[in-house]
Amino acid sequence: MATGFSGGLGDTREELCGALSGGVMVIGLLHGRTTMQEDDQPAIRLSARYRARFLEEFGYTRCRELRENVVKRTGGLGTCGALVERAATILLNLLSEAE
């Protein structure tokens with residue numbers, strides 16, 4: 001379902017990192033509303049916190065900047081898979097705090 005988010009949306013590298021987008025989807029699944037009458041703020045607040053932690057860890061949220069400055073630079077993570085793994089760890093830590 002989230003495969004198209006890869007590479008900053010369709011491998012364009014122009015948009016939000018797919019790992020960040022996917023994390024927000026997980027937050028929505030676990031904490032999002034299921035009816036229009038429910039409060040959407042819990043998921044919105046968690047998503048904002050996830051974005052802030054992601055940005056704090058990596059310095060960027062856009063695919064191109066992440067690839068150039070975090071993944072592919074000398075001494076960088078080497079692969080987007082490594083970034084995804086770290087982003088998932090950030091998300092899991094955030095979700096465990098929210099429980």
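Computed from heavy atoms alone, side chains included, the values below leave out hydrogens, waters and symmetry copies. For the single chain, residues carry numbers from 1 onward in sequence order.
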Nearest-0.5 Å distance that lies between atom CZ in Arg67 and atom OG1 in Thr79:
10.0 Å
Which pair of non-hydrogen atoms, one from Ala19 and one from Ala87, has the smallest distance, and what is that distance?
CB-CB, 3.9 Å
Drop me the distance from Arg53's CZ to Thr89's OG1, to the nearest 0.5 angstrom.
12.5 Å
In this structure, CD of Glu85 is separated from SG of Cys80 (nearest 0.5 Å) by 13.0 Å
Counterpart residues, side chain to side chain contact (heavy atoms under 4.5 Å, CB included), relative to Glu38 (two or more places apart)
Arg33, Thr34, Thr35
Kindly check if the number of other-residue, nucleotide or ligand heavy atoms within 6.0 Å of CZ (Arg51) is above 12?
no
When rounded to the nearest 0.5 angstrom, what is the spacing between CZ in Arg62 and CG in Leu9?
12.0 Å
Tell me who clusters with Leu20, hydrophobic residues only, linked when side chains sit under 4.5 Å apart either directly or through other members.
Leu16, Val24, Val26, Ile27, Leu30, Leu46, Tyr50, Phe54, Phe58, Tyr60, Leu66, Val70, Val71, Leu77, Leu83, Ile90, Leu91, Leu94, Leu95
Can you confirm whether Glu97 sits close enough to Arg49 that some side-chain heavy atom of one is under 4.5 Å from a side-chain heavy atom of the other?
yes
Rounded to the nearest 0.5 angstrom, the OG-CE distance for Ser47 and Met25 is 11.5 Å
